[in-house]
Each structure stands twice: as structure tokens, then as C-alpha cells.
Amino acid sequence: MIAEHAIILVVVLPLLVAPLCVLLGRGTLAWGAATLAVWSSFGLALHLLGRVLEEGVLRYQLGGWAPPVGIEYRLDLAGALVMTIVTAIGAVVLPYSFASVRREIDEHRHAWFYACLLLCFAGLLGITVTGDAFNLFVSLEISSLATYVLVSIGRDRRALTAAFRYLLLGTVGATFYLIGVGFLYQMTGTLNMEDMARILTEARPDGLGPVHSTKTVRAALAFLTVGTFLKIALFPLHVWLPNVYAYAPSVVSAFLSATATKVAILVLLRVFYTVDGKATPFDALPIADTMVPLAIVGALVASFVAIYQRDVKRLLAYSSIAQVGYMAIGIGLATQAGLAASLLHMINHAIMKGTLFLAVGCIVYRVGQTRLEGLRGVGREMPLTSTALVLGGLSLIGVPLTAGFVSKWALLQAVLADSHWIVAALILLSSLLSILYVGQVIHVLLLRKRPPGAAPIQEAPLWMVLPTLVLAIGNLWFGIASDQAAEVSRQAAEFLIREVAP
Amino acid sequence: MSLLLDVLSWVLLLSGGLLSIVSAFGVLRLPELFQRMHSATILDTLGAGLVLSGLILQAGFTVISFKLFLVFLLLALTTTTAAHALAKSALADGIYPKGIDPEVVRAGLSEGLPGRQRIATDRARERVAPPASPQEDPPPQPSEEGGPPWA
Amino acid sequence: MGVAIDIILLLFLLSIAFAACVTRNLFSAAMLFGIFSLISATLFVVLDAVDVAMTEAAVGTGVSTILILITLASTGYRVSPRPAGRQVLALAVSVVLGATMVYGTLDMPSLGSPDAPVHTHPIAQYYTEVSPVEMGIPNMVTPLLASYRGYDTLGETAVVFTAGIGVLALIGRRRRKDPLPIVEEFREGGANRHRVLRVISKQLIPPILLYACYVQAHGDFGPGGGFQAGVIFASGLMLFMLLFGVEHARRIIRPVVLEKLIALGLLIYGGVGLVNILQGGAFLDYRTLAHDPQHGLHYGILTIELGVGITVAAVITTIIYSFASHLRDHVMQRTLRLRQGADAAQTSPESGA
């Protein structure tokens, strides 16, 4: 029975444990319930990934109503991939959160914090698995609203303004998505993605050509594009991101940076491949031509700005914008290799950014701040944390034998296969810039001396270091034994492109 | 009989509508708050009342009539109360009807008003008749003290 | 005739929106927003979306206006002018946005046209013709909302839940170990000088709450349902709080209870879905709840509407409580500080002399 309903349980379990956390009321109990829910989701997600690899697309009719009358859950490989990323990061972050949350968030808010974390988690998973355009919006709302709370729940007052700004821009993004879906509904009469895709290719009843060439559908795509770009934080719509990641509690920064933008990218793929791909191929749209330049400028600018950051979390946030740029380049190429490279980079970026933010969280736990000048020599006294940080940093740069190298290499190959020499050169340049900012952090942490008279620092508690190290080893694992992940992302990309082939 | 009812209901509806237009003009054109409120309240009670009774006659002896009657009851209760509250806060804020001796109004108001309202009354008193000598001035109250009613 | 009413209402909306943008006084802006919502609600009624209109009227005109006013009471009513460059940018963005939307409407079928894809698609026919037979529910909106797209409604309930938890997490009052000393003027709280208001509202609150229960139960047959009932119930409680003070209101329904109710509503909704799975159906397939599928549908819809109603009412009440308590604490602290300052100012010249 569980196997039959796994696809819905993976979302509904965390969604319903969230109110349970509020009923339990106590931080520790809520943490226990949340951890159980997230781990079971992780188990179900792995099970689903295996089944999608074997059987292809999985479907589930909610309420027993056949689509398009009812809502359909529809899991393809790209969705399963992102779902596995989200659940895996969640499964790593939750054990870590116990100590970190105690340190960074007031005690009477713990139960609410775990409830919001679960809601955010469930919302993100709902996006990966849904086959219904409006249901996607609902999941997006759940996750966004929970995110705003998660960002501002800590003690740092600056997080409030960051979260408010994020709320404004995020709401604009979600509203744009809703307007786009509304326009599409006007022209197709359905909300089911597959049904929409079918109707978009049909001719209009009044003999005015195909539905997808109407002005309404074009305006809808424009709204959907801008809306998802805002959520992805693609340059120049990235302004909300740095402060959000910098001032949120460590757990939240780690979880969001590893998952939220990836899910937003999946939304983009859903719009342009699953819904609109059949009617107009991706490279025929103006978005493909604008995406690559925007992404490459974004990657360069963000890497450049990152060098000048004096706050480790802000630095990592800017690097996230740059990395999102890489993923956008792969998508903008509109080739199967590019798409596969993007998906692969999604996995790897989730692992390395997760590692880095978790390691920074360990430092925050002991030192209480993230300003670079306050962290001199801290790494020497926290050997395990700094090992993780170095591994994550190397992966971020793209040093061979780490995960970052594999996906960047795949991206470069995809770019060169399309003979975009300049883009390839600029990607390399941006990687060089990343050596500078990662090097700066490592230099301050390990090579500088602690200021005389500073209190000695201990290694962070085991339950924080262990998850961090697990992710850090993931960097090596996916760097050395990279075939499996590459194969899965290749198949996912192939499916997305084959699905839309006429 | 039905013709009679129909005529009567239309007379009511039309006169209600006419009254509404007149009162809308009143709200726009009358010079000061209390006169405008007077005009608006006519719309709320008599205008709406006429229209509703016209509709009740149209509907006949049905549940719809009963619902319309409930609407009328609700309007009669709420709009008059709202007008009362509005007038009271205007007075408390120092806005007096023209041609009425402020002392008379104030005598009923200024005793026992809390915080901001008391200050406003005092301020209004100064506006009407500046205090004769500084000694008679009540001690200045910090203006932030008064809470909004829901606090 | 209908078109004329639409146009007049839309013109109203336009001018109100413009006035709200232009005004510098945030109090009048808040009031204008309230009027905007009321007219939108009227427009929804004209468009035969009475269910939406009820929510819009209760939330847009009532609850959110009060929330904005409460916030303004602690921030002040005036806005400072913004730099011209930013305003030009904002204007440019709005113009582009509006132009895109107008561009999008050019190929759109006209409102209510029978040839529109929304009406010609087979699911429209299913919802209007098959559903009443299948469900036995006259109000077409209810089965759509609660069953065919019931999972979306679960999601929306989760959104409301998140909002409630979010407000609690950000400004929810921690139980203080040392409660603030009460300033005497605030002891009774609320509009204690407005006796007429209090007396009349006392008569009104019970019918409002009763009406909420009616809307909750009657959703199958007329406009209404959990969302509408929840907001109406909450606005009744809000009226009480406005007139008798938040402390009094908090004693009647304690915030802790509300917090549990928020969670309970969502759990009821999701619990129905889990029961359906245990009964061998799909998630939220109410037909498994009874031998007769139609009965099962009715049970399911009534139960989940109840869950929605509980969560919505509890969340909105919680939000209002939290804001009002926050403001009350804020005002009391400021008053106490001012009093202390005044005392210090009075004593210091004497000691100097």
C-alpha cells in the first residue's frame, strides 16, 4: 500500500507532521517528529527515484478523479531527481538543526520553526511532483510563505528587512506565475500540464492559427519567465538573495541554498518543456537567447562581488548567484547535453553549498559570528569543520576529483559542443574568480593566526559535524564515482527533450 | 390588488433612489462634517429603508422578504451606531458644529476622557478661546499617551 | 445593464486605486484599501462569484483594514517622500506590466463568451453537468473546491496555517515572567467610552457568529463554506476585541487554545485523506468513506470544510490578537517611559533648588 501511495505520502507526511509539531509544542518533540517525517520522505523519495528509473513516469490521481477533472501527481525523472536532492538535504540538515537551532533561535519558537521547516520542505516537494499548473502555484505559496518565516525567525534583526524584501519580490514572482497560469487557462480551459501542452499545439476553433501563437499565450510566457527568474534569483533579479542567505539562521541558509533555487529551476523547466515545449521548442523562444548572456553576466558579476565580501555567508550567497548562472547557461543552450549538465550541476551545487553553509553554521555555533576578520585562525582549532569547508570550497572552484569539477566539465563540454568559445572562456574566468574568494576564506580560517588572547575554541558538537562531513564526503563521492549521477541527469534531460518531440 | 402593490413598491423604490441621489449631493456639497453626516445618514436609514420596503413588496410574503427585513434591521442598527461614533470622535477631536457654543459641548465631553481625546478637547478649547492666563492651563499631557481604542 | 454596472464599478476601483497611490496620509490610504475591497466584493457578486465576494468583504474590508490600522498606530500615519528616480522606475515597471497584461488580453475570448476554451473544454461540461448528478450538491463551487480540486484546498489551508504560525513565530507574545504593570487608563481596555457602540455591538456579535455557523453548514447548498465561515467568525471575534480590549478577548478564547485549533483544522483535513488511503482509495477520495459513494462524498466534504473553517477562524483570530497585543504592549511601554521621564523632570528642578 505504501508503495502505491508513496508519491503522495512523500509530500503529505511532512505537511501533516507540521501541525503535529505545533500540537506537540515542545522543541525537542517537534524536532523528533520532524526528523522522522523528513527521513521517511527521504526513504520514499529514493524508492520513487528507483521506480522512475525502472518504470518511467509515475502517475497518481488525487481524490480518485481522473485528470484533467481532478489534480494529477506526475513524477518524471527530472522531478524525481530534484525531489531526491531536496529530501537528501533535508535528511542531512535535520539532525544538524537540533544543536544549531538551540543556539540561534529563541526557545519558545522552536516548535514553530520545525513546523515551518516541514511546510517549506513539503511545499518544495509538492512542486517537484505535481502535474498540475495551479497545484504547483499552491505548493510554491506554501514553501515561499514558510521560507519568509524561516529567514526572519532568528535573533538577527537584519534578517527581518531581508525577509521583508524577499517577501515583496517573492510575492511578485508568485503573482506573475499565477497571472501566467491564468492566461494559459483562459486559452486552454485546463490546468493539467499535459492537457495544456496538447491544447497549445491545437488550432484555434475560429481558424486563427495554433493556440500557442496567440498574444495571450505569449504574454503568459513572459509573466511565467519573469516570475520564475525572480525565484531562481537569476541576474538581475537576484537582489533579494544575498541578505536572505546571509542573515537567516545557519540551518535555513544551508537548506534554502541547497534546495530552493533548484526547485525554482525545475519550475522553469516545467513551464518551457512540459507545458510549452510541444508547441514551441525552447530554442525558438527569445528566452533562450536572453538567458545565456544574463546568466554569464550574472556569474561574472556575482563572483566579482563575492571577492569583496567581508562576511562569509554573504560571500557564499553571492557565489550561489554565480552558480545559478552556470545552471541557467546549461538550460539556455537548449541542447540535451546542456540540460544534462545543468541538472548534474544542480545535484552537485546542492551538495557543495550545503556543505559550505553547514560548515559555516558549525563556526557560528562556536564563534557566534561570520565576519571574516573575526574568524582568523578559527579553522585550526576546528579541524573537522575546516576539512569539510575546504572540501566544499574545492568543489565550488571545480578542482578535479570533486563534484564541482564533474558538472563544470560537463557544462564546458556542452558549451563547446555548440562552439560558444566566448561563453566557455567566461565560465573559466568566473571559475578563476571563485578561486580568489574561496581562497580568501580558507586563508583567513587556516593560515592566519588567532589574535593573541582569544579564547580557545572547541570543535562543534558531533551532531553538527557529522552531517557536515557526510555532505563533504558526498563532494568527493560524486567527484570520483560520478557516473551514476551523470547518467541519471542525462536520462532526465533526454526525457524532458524527448517528451516534447512531436 | 397586485397592481396596487406594484405601484406602491415602485413609488417606494423610486423615492428611495431619489433620496439617495439627494443625499449623495448633500455629502458632496454641504460645508461641514456634521451637515454631511446628516445627509449621509438619511441615505443609510430612510433611503435604504424605502428601497428595501419596495423590494419587500415586490417579493411578497416569502423568505426573501424576511431576509430583506433582516438587512434593514442590520442597516438601521449599524449605520446609526456608526454615525454616533463618528460624531463623537469628531467632537472629541475638537470639531464642533457651527453655531453651537463649544462650552456646552465640552461640558459634556471633557470630563474623564482619556489621553489623546482630552488633549484634543483642550486644544480645541484653545482654538475657540485662548486661555486667559497660563496658570489655568492644565498640565500638558504627553500626546503619545492615549492608546487607540483596541489597545 | 450588467455591462454598465461593471464599467461603473471598475471606474470606481480605478479612481480609488489612484487616490490610494496619491495620498500621503496612510490612514486614508488604509481606508481607501478597505473601500477598494468592498467594491471588488460587489464586482465579484456581479460576476456571480458570491463565495469569493464573501471572503473578500470579510477579509479585505474588515480584517486587513484593521490590521493595517493597528500597524499604523505604532508607526505613524505620514509617509516621507521618496526620491524621484525611484518613482520614475516604479512607474516604468508598472506601465510595462500593464502594457503586457493588455497585450495578453488582445487575443483573449471575451468575458462569458460561450466559445471560450474555458467553456468548450470537456471538463467545463463535466463540472456543470456530470458533477451535480455525481455529487448531489447544488452549489457547483463546493464540489470543485472540496473534492475535484480538494488537494489544492488542502494546500491553501496549509498556506493559511503557515501564515498563522508565521505571525506567531515573529510577533507572538512569549509568556512573560514579569508582566508589564498595567497603566490605569488601559485597565478596562477597548472603546470603554463608547457605551452606545458597546451595547449595540453586543447585540450584533451573536448573530454574526451564528451566521458564520450557518455559512459553514450551508456551503453545500448556497454560497459559503469553510473559508467564508472562518473569516466571518473571526471578524465577529475581532469586533469584540475592538470594543472590549484585547486582554478581555484573550481571556475568552485563550491564545494557546487558538494555536492548537490552527493545527487541529489542518490535521482534520489531512486526516480525512489518510483515512481514505487506509480505506483503500486514493488520497482524498471521499467515496471510500461510506458504502454509498455519494454519501461518502458528503461526509468527506462536510468534514474537510469543518477543518478549513477551524483553521481559518483560528488563524485570523490569532493574527489579530498578536497584532493587537503587540500594539498594546508597545503603547503601555511608551506610556510608562513617558511617565518616568515626566517624574524625573518634575523631581530634578526641586532637588536643584
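In this text, all values refer to a predicted model and were calculated from it rather than measured experimentally. Letters A, B, ... mirror the listed sequences (proteins, then strands); counts begin at 1.
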Kindly check if the number of other-residue, nucleotide or ligand heavy atoms within 6.0 Å of [atom1] ([X]) is above 12?
X	atom1	result
A:E107	CD	no
A:R59	CZ	yes
A:F164	CZ	no
C:H119	NE2	yes

- request: Name all pairs fulfilling the salt bridge (charged side-chain N to carboxylate O under 4.0 Å, His left out) condition that reach into residues 128-139 of chain A, sequence neighbours left out, sorted by first residue then second.
  value: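 Non-adjacent pairs meeting salt bridge (charged side-chain N to carboxylate O under 4.0 Å, His left out): A:D132-C:R149.
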query: What residue in C:L154, C:L267, C:T288 has the most heavy-atom pairs under 4.5 Å with chain A?
result: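 So the answer, after comparing C:L154, C:L267, C:T288, is C:L267.
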- prompt: Of all of C:I123, C:D152, C:T162, C:V118, which one pairs up most often with chain A through heavy atoms under 4.5 Å apart?
  reply: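 Among the listed options, the one with the most contacts to chain A is C:D152.
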message: Would you compute the distance between atom CG of C:L266 and atom CG of A:L23 and round it to the nearest 0.5 angstrom?
response: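 That separation rounds to 10.0 Å.
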task: Residue by residue, scan residues 119-127 of chain A and write down, ordered by number, those that have a heavy-atom distance under 4.5 Å to chain C; if none do, write 'none'.
output: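 Residues of residues 119-127 of chain A touching chain C at under 4.5 Å: A:L119.
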For the side chain of [X] and the backbone of [Y], is there at least one donor-acceptor N/O pair under 3.5 Å apart?
X	Y	answer
C:Y127	A:V69	yes
C:D107	A:T216	no
A:Y60	C:F283	yes

- request: Applying side chain to side chain donor-acceptor pair (under 3.5 Å), name anything that partners A:T147, two or more places apart in sequence or on another chain.
  value: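 A:T147: no side chain to side chain donor-acceptor pair (under 3.5 Å) contacts found.
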field: Under the side chain to side chain donor-acceptor pair (under 3.5 Å) test, residues paired with A:D195 that sit two or more places apart
entry: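 Only A:T190, A:R198, C:H121 meet the side chain to side chain donor-acceptor pair (under 3.5 Å) criterion with A:D195.
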- prompt: At a heavy-atom separation under 4.5 Å, does C:I262 approach chain A through its side chain, its backbone, both, or neither?
  reply: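 Contact with chain A involves no heavy atom of C:I262 at all.
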Proximity breakdown for C:I268 and chain A, heavy-atom pairs closer than 4.5 Å: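 Neither part.
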C:A282 to A:G63 - nearest heavy-atom pair and separation: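 C:A282 and A:G63 have their closest heavy atoms at CB-N, 4.2 Å.
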- request: Search all heavy atoms of C:A263 against all heavy atoms of A:P19 and return the closest pair with its distance.
  value: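 Nearest heavy atoms, C:A263 then A:P19: CB-O, 3.3 Å.
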- prompt: Given that the side chain runs from C-beta out, which part of A:F223 has a heavy atom under 4.5 Å from chain C: side chain, backbone, both or neither?
  reply: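 Just the side chain, heavy atoms under 4.5 Å.
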